[in-house]
2 protein chains.
Amino acid sequence: MIDAARLDATFHALADPTRRAILARLAAEGDITVMDLAEPFAMSQPAISKHLKVLEKAGLVSRGRDAQRRPVHLEAQPLAEATGWLIEYRHYWAAQFGRLDDLLDELQRLEAASGKT
Amino acid sequence: MIDAARLDATFHALADPTRRAILARLAAEGDITVMDLAEPFAMSQPAISKHLKVLEKAGLVSRGRDAQRRPVHLEAQPLAEATGWLIEYRHYWAAQFGRLDDLLDELQRLEAASGKT
DNA sequence: CATATAAATAACTTTATGGTTCTGTAACTG
DNA sequence: CAGTTACAGAACCATAAAGTTATTTATATG
């Protein structure tokens, strides 16, 4: 079994729109400082720092150092694990996407061949 | 954007090992009554009913009727939406899986062609 | 009709979440 | 060295989560 606690932390981290938006910005713009991250949100800086701590605990971000700044960096590995968990259920919804099911079958075969659980 | 509140509910529902185990059993065994579902867990029946309510609110299960039983049925559509959200991040982790990245590119093309967001 | 079974609901407890403001600290800057 | 910037941490609050036991409701069945 893929470590359950890790999946708990990952899915929990993803269950908040602010945190998903943070990940989206990191993916789109690369590393961002806390201040820059907080700017578009109607939320205090400590609130953002708390969200970052949740993301960090899930292994979804890491922190750098640039003088007094702590740039936030996307770490996508847990997203791969979460995707891997969800992919197992593809047979239950893939029908509506036509050939998607076959593709995902191939995908899973490749995952297995790459040593992924 | 795919409805944010729906993703909140789906990821939150998935962030608990008991609920993931319930989904796994439903996928493996088909519809199951609450009593049968509760049996393997070290947990009271009302606790399971609460988990089912969380899953139901996320649209991940529906309930049938068989005399005094309320069989639980897997509804996988929200899993597809969650997978769709995660797939967007494949570029950030797919490299390690070799040709997986190309496959997922094709997958996304098909999703778009099928009218999915 | 009385009882058993299946599940939901209520009431309660504990702990976690998500937000706030205020304060502290580390590093740059004039 | 004084002030500013960028952040973390503490203390607090309200609400939600996850569990419990006890009670209710609905349906079957002897």
Side-chain angles (χ1 to χ4, degrees), chain A residues 4-26 29-74 78, chain B residues 4-23 25-26 29-75 78:
Chain A
R6 178 61 165 269
L7 277 178
D8 289 1
T10 301
F11 283 131
H12 170 246
L14 296 181
D16 180 281
T18 300
R19 289 192 292 262
R20 288 199 306 275
I22 288 174
L23 295 179
R25 286 196 62 199
L26 291 172
E29 307 172 28
D31 297 7
I32 318 186
T33 66
V34 176
M35 279 312 201
D36 287 353
L37 260 183
E39 190 267 318
F41 297 104
M43 204 176 292
S44 64
Q45 168 261 312
I48 297 294
S49 284
K50 277 195 181 182
H51 281 305
L52 290 175
K53 200 166 246 178
V54 172
L55 290 166
E56 203 174 358
K57 199 180 289 183
L60 284 162
V61 304
S62 60
R63 315 297 302 275
R65 169 68 78 179
D66 168 25
Q68 67 269 71
R69 265 143 269 132
R70 310 291 315 279
V72 183
H73 178 79
L74 178 65
Chain B
R6 178 61 165 269
L7 277 178
D8 289 1
T10 301
F11 283 130
H12 170 245
L14 295 180
D16 180 281
T18 300
R19 289 192 291 262
R20 288 198 305 276
I22 287 174
L23 294 179
R25 285 196 62 200
L26 291 173
E29 307 172 28
D31 297 7
I32 317 184
T33 65
V34 175
M35 280 312 203
D36 287 353
L37 261 184
E39 190 266 317
F41 298 104
M43 204 176 292
S44 64
Q45 168 260 311
I48 298 293
S49 284
K50 276 196 182 183
H51 281 303
L52 290 175
K53 200 166 247 178
V54 172
L55 290 167
E56 205 174 357
K57 199 180 290 184
L60 283 162
V61 304
S62 59
R63 316 297 304 272
R65 170 66 81 179
D66 166 26
Q68 67 267 74
R69 265 144 271 134
R70 309 292 313 280
V72 183
H73 178 77
L74 178 63
E75 298 284 350

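Heavy atoms only: backbone and side chains are in, while hydrogens, waters and symmetry mates are out. Sequence lines set the chain letters: A, B, ... in the order given, protein chains first and strands last, and positions in each chain run from 1.
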Arg19(B) vs dA18(D): side-chain N/O to OP1/OP2 distance below 4.0 Å: yes

Whole-Å distance separating the CG atom of Asp66(B) from the P atom of dT5(C): 16 Å

Using a 3.5 Å cut-off and no angle test, enumerate the donor-acceptor pairs between side-chain atoms of residues 52-64 of chain A and protein atoms at least two apart in sequence or in another chain.
{"from": "Ser62(A)", "atom 1": "OG", "to": "Glu75(A)", "atom 2": "OE2", "distance (Å)": "2.8"}
{"from": "Arg63(A)", "atom 1": "NE", "to": "Arg70(A)", "atom 2": "O", "distance (Å)": "3.4"}
{"from": "Arg63(A)", "atom 1": "NH2", "to": "Arg70(A)", "atom 2": "O", "distance (Å)": "3.0"}

5' priority, DNA chain C, between Ala42(A) and Arg65(A) [closest heavy atom]: Ala42(A)

Short side-chain N/O contact to dT20(C) OP1/OP2 from Ser44(A), under 4.0 Å: yes

His51(A) side-chain N/O to dG19(C) phosphate OP1/OP2 under 4.0 Å: yes

Value in whole Å for how far the P atom of dA8(D) lies from CG of Leu55(A): 12 Å

Spacing of Phe11(A) atom CZ relative to dT17(C) atom P, expressed in whole Å: 17 Å

Test item: Arg20(B) and Asp8(A) side chains (from C-beta on) under 4.5 Å apart, heavy atoms: yes

Interatomic distance where CG belongs to Asp16(B) and P belongs to dA16(D) [whole Å]: 18 Å

Selected nucleotide, minimal atom distance to Ala67(B) side chain, candidates dA28(D), dA8(D), dT20(C): dA28(D)

Contact under 4.0 Å: His12(B) side-chain N or O vs dT17(C) OP1/OP2: no

Earlier contact from the 5' end, DNA chain D, for Arg69(A) and Lys53(A): Arg69(A)

Leu52(B) CG - dA17(D) P separation (whole Å): 16 Å

Euclidean distance, atom CD1 of residue Ile48(B) to atom C1' of dT21(D) [Å, nearest integer]: 16 Å

Side-chain N or O of Arg63(A) closer than 4.0 Å to phosphate OP1/OP2 of dA8(D): yes

Touch class at under 4.0 angstrom, heavy-atom based, for Thr18(A) against every strand present: nothing

Proximal nucleotide (of dT17(C), dT20(D), dC7(D)) relative to the Met35(A) side chain: dC7(D)

Out of dC22(C), dT5(D), dT20(D), whichever nucleotide has its closest atom nearest the side chain of Pro46(A): dC22(C)

Heavy-atom pair with the smallest gap, counting every atom of Thr33(B) and Arg69(B): CG2-CG, 3.5 Å

Closest to side chain of Lys50(B), choosing from dA11(C), dA7(C), dT20(C): dA11(C)

Per Gln68(B) side chain, nearest of listed nucleotides dT27(D), dG19(C), dA26(C): dT27(D)

Out of dC7(D), dT21(C), dA8(C), whichever nucleotide has its closest atom nearest the side chain of Ser49(A): dC7(D)

Separation of dG18(C) P from Met43(A) CE (nearest whole Å): 10 Å

Nearest atoms (heavy-atom pairs only) where Phe11(A) meets Leu14(B): CD1-O, 3.4 Å

Distance in angstrom units between Ile32(A) CD1 and dA6(D) P, rounded: 15 Å

Heavy-atom pair with the smallest gap, counting every atom of Ala38(B) and Ile48(B): CB-CG1, 3.6 Å

Polar side-chain contact Gln45(B)-dA8(C) base: donor and acceptor under 3.5 Å: yes

Note, Arg19(B) side chain near His12(B) side chain (heavy atom, < 4.5 Å): yes

